[in-house]
Asker: 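Below is the structure I would like to discuss, written out as structure tokens.
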Amino acid sequence: MALTIYGIFASRAVRPLWTAEELGVPYTHVPTPYQGGATRTPEFLALNPNGHIPVLVDERPEGRVVVWESMACALYLARHHGRGDGQDLAPANPGEEAQALRWAFWAVTELEADALTVLMHRLGLPPERRDADKLAAAEKRLRVPLRVLEDQLGERAAQGHGYLAAARFTIADLCVACVANWARPSHELMHAFPRVHDWLQRCHARPAYQALKAASKARG
């Protein structure tokens, strides 16, 4: 079997890249930026007609599997390349799988748009293009889902667990952390939701993520 992931670290492709690193799955990384036309070539569009990264190609004995959409890629990797033994990030039972599915979809529907606005208007855009009104509105809206996440982490802590779906870091944590991380430049939000802040720091301090980040920096 051979696994290939198209995309770059500084994009939604971090989700399957981080998942593969956590699982220790051998893969080929094809750095494919979302700008400059790399995703509009005939070869790339044959993999993903939407022209977006990431794309995951899994050459399996029964045939090639192509997956796009970042959360789908991450969940697929956990489901089909994880051990599912309660030791790695793959769901070990139906309850953990249900948690992974619901939190992944929740992150996309409840967090992603406003978290991206925070990232862009605090860090990503040149200062002259940042919009204080858009930023303030996004941070206000994010207080609702971040309260949900803060309370969930509090409930888990009361049970002696530091993560969303189990006592260990799982694909549920990875999927949500990849999105919530975009809100970290907001010191006000991180101060208001200290459990979220602590959990994000622990997630992103993991060796797999740090190795991926270092490799991206080295690549330039």
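Here the structure is a predicted model, which is why all the values come from computation and not from measurement. For the numbers below, each heavy atom of this structure counts, side chains included, while hydrogens, waters and symmetry mates do not.
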Asker: May I ask you to decide if Ala113's main-chain N or O and Thr117's side chain share a donor-acceptor pair within less than 3.5 Å?
Answerer: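 Yes.
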Asker: Any side-chain heavy atom of Ser216 sitting closer than 4.5 Å to one from Ile8?
Answerer: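 Side-chain contact under 4.5 Å: no.
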Asker: Quick one: does Asn181's side chain have a donor or acceptor within less than 3.5 Å of a partner on Cys178's backbone?
Answerer: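 Looks like no, no N/O pair under 3.5 Å.
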Asker: May I ask you to decide if Pro31's main-chain N or O and Arg219's side chain share a donor-acceptor pair within less than 3.5 Å?
Answerer: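 No; judged by distance alone, with no hydrogens or angles, the pair does not exist.
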Asker: I need the Cys175 SG to Leu111 CG distance, nearest 0.5 Å.
Answerer: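 The CG atom of Leu111 is 12.0 Å from SG of Cys175, to the nearest 0.5 Å.
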Asker: Give a yes or no answer on whether the side chain of Glu97 reaches the backbone of Ala92 with a donor-acceptor pair at less than 3.5 Å.
Answerer: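 No; judged by distance alone, with no hydrogens or angles, the pair does not exist.
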Asker: Could you walk me through whether Met71 and Trp103 satisfy the side chain to side chain contact (heavy atoms under 4.5 Å, CB included) test, starting with their C-alpha distance in whole Å, then the side-chain angles of each, then the deciding distance to 0.1 Å, before giving a yes or no?
Answerer: CA-CA 10 Å; Met71 290 301 190; Trp103 282 112; over 6 Å; no
Asker: Taking all atoms of both residues into account, what is the closest heavy-atom pair of Trp18 and Cys203, and its distance?
Answerer: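 Minimum heavy-atom contact is CZ2-O, 3.3 Å.
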Asker: Is there a donor-acceptor pair closer than 3.5 Å between any side-chain N or O of Arg156 and the backbone N or O of Tyr163?
Answerer: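 Confirmed, Arg156 side chain pairs with Tyr163 backbone.
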Asker: Enter the distance from His121:NE2 to Ser186:OG here, rounded to the nearest 0.5 Å.
Answerer: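 Spacing of NE2 (His121) from OG (Ser186) equals 13.5 Å.
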Asker: In plain terms, say whether Arg168 and Glu96 are close enough for a salt bridge, that is, a side-chain N and a carboxylate O under 4.0 Å apart.
Answerer: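 Looking at Arg168 and Glu96, the cut-off is met.
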Asker: What's the separation between atom CG in Leu75 and atom OG1 in Thr19, rounded to the nearest 0.5 Å?
Answerer: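 If I round to the nearest 0.5 Å, the distance is 8.0 Å.
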Asker: At what distance, to the nearest 0.5 angstrom, does CG of Leu47 lie from OG1 of Thr39?
Answerer: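 If we round to the nearest 0.5 Å, Leu47:CG and Thr39:OG1 are 11.5 Å apart.
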Asker: Are Arg15 and Trp182 in a cation-pi setup, meaning NZ or CZ lies under 6.0 angstrom from the ring centre and within 45 degrees of the ring axis?
Answerer: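 Yes, a cation-pi geometry holds between Arg15 and Trp182.
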Asker: Does this structure show an ion pair linking Arg206 with Glu21, if we count only N-O contacts that are shorter than 4.0 Å?
Answerer: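 A salt bridge is absent here (no side-chain N lies under 4.0 Å from a carboxylate O).
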Asker: Has Arg147 got a side-chain atom pairing as donor or acceptor with Phe193's backbone, closer than 3.5 angstrom?
Answerer: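 No, Arg147 side chain to Phe193 backbone: no donor-acceptor pair under 3.5 Å.
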Asker: Determine the sole option in Leu17, Asp58, Leu56, Ile171 for which the side-chain contact (heavy atoms from CB on, under 4.5 Å) test with Leu77 is passed.
Answerer: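 When Leu17, Asp58, Leu56, Ile171 are each tested with Leu77, the side-chain contact (heavy atoms from CB on, under 4.5 Å) holds only for Leu56.
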Asker: Using 0.5 Å steps for rounding, measure from the CZ atom of Arg60 to the CG atom of Leu3.
Answerer: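 Arg60 CZ to Leu3 CG: 9.5 Å, rounded to 0.5 Å.
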Asker: Flag yes if Leu45 and Tyr34 sit in one hydrophobic cluster, no otherwise; membership is Ile, Leu, Val, Met, Phe, Trp, Tyr, and two members link when side-chain heavy atoms are under 4.5 Å apart.
Answerer: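 Cluster IDs for Leu45 and Tyr34 differ.
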Asker: Do the side chains of Tyr76 and Val179 join up, straight or via other hydrophobic residues, at under 4.5 Å, putting them in one cluster?
Answerer: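 Linked, Tyr76 and Val179 end up in one cluster.
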Asker: Group every Ile, Leu, Val, Met, Phe, Trp and Tyr by side-chain heavy-atom contacts under 4.5 Å, then state whether Val65 and Val25 land in the same group.
Answerer: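 Yes, same cluster.
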Asker: For Arg79, look at atom CZ and say whether over 12 heavy atoms of other residues, nucleotides or ligands are found less than 6.0 Å away.
Answerer: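 No, because the 6.0 Å sphere around CZ of Arg79 holds 12 heavy atoms or fewer from other groups.
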Asker: Is there a continuous path of hydrophobic side-chain contacts, each under 4.5 Å between heavy atoms, that joins Leu135 to Leu142?
Answerer: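 The answer is yes; both residues are in one hydrophobic cluster.
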Asker: Tell me, do Gln99 and Thr170 make a side-chain contact under 4.5 Å, heavy atoms counted?
Answerer: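 Answer no - side chains too far apart.
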Asker: Hey, mind stepping through Tyr6 and Val57 against side chain to side chain contact (heavy atoms under 4.5 Å, CB included) and telling me if it holds?
Answerer: CA-CA 8 Å; Tyr6 296 80; Val57 179; 3.9 Å; yes
Asker: List the steps and the verdict of side chain to side chain contact (heavy atoms under 4.5 Å, CB included) for Lys213 and Phe9.
Answerer: CA-CA 7 Å; Lys213 183 178 179 180; Phe9 175 79; 3.8 Å; yes
Asker: How many angstroms lie between atom CG of Leu174 and atom CG of Leu164, to the nearest 0.5 angstrom?
Answerer: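 Here the rounded value is 11.0 Å.
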Asker: Determine whether Val118 and Glu139 satisfy the following criterion, side chain to side chain contact (heavy atoms under 4.5 Å, CB included), listing intermediate values before the conclusion.
Answerer: CA-CA 7 Å; Val118 170; Glu139 289 182 336; 3.7 Å; yes
Asker: Do Val30 and Val67 belong to the same hydrophobic cluster, where Ile, Leu, Val, Met, Phe, Trp and Tyr are linked whenever their side-chain heavy atoms lie under 4.5 Å apart, directly or via other members?
Answerer: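 Per the 4.5 Å side-chain linkage, Val30 and Val67 are not co-clustered.
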Asker: In this structure, which one of His197, Arg143, Glu155, Arg195 forms a side-chain contact (heavy atoms from CB on, under 4.5 Å) with Glu150?
Answerer: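 The single option meeting the side-chain contact (heavy atoms from CB on, under 4.5 Å) with Glu150 is Arg195.
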Asker: Within the 4.5 Å heavy-atom criterion, are His52 and Arg12 side-chain neighbours or not?
Answerer: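 Sidechains of Arg12 and His52: no contact.
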Asker: Examine distances only and state if a side-chain atom of Asp88 and a backbone atom of Gly82 form a donor-acceptor pair shorter than 3.5 Å.
Answerer: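 It does not hold such a pair.
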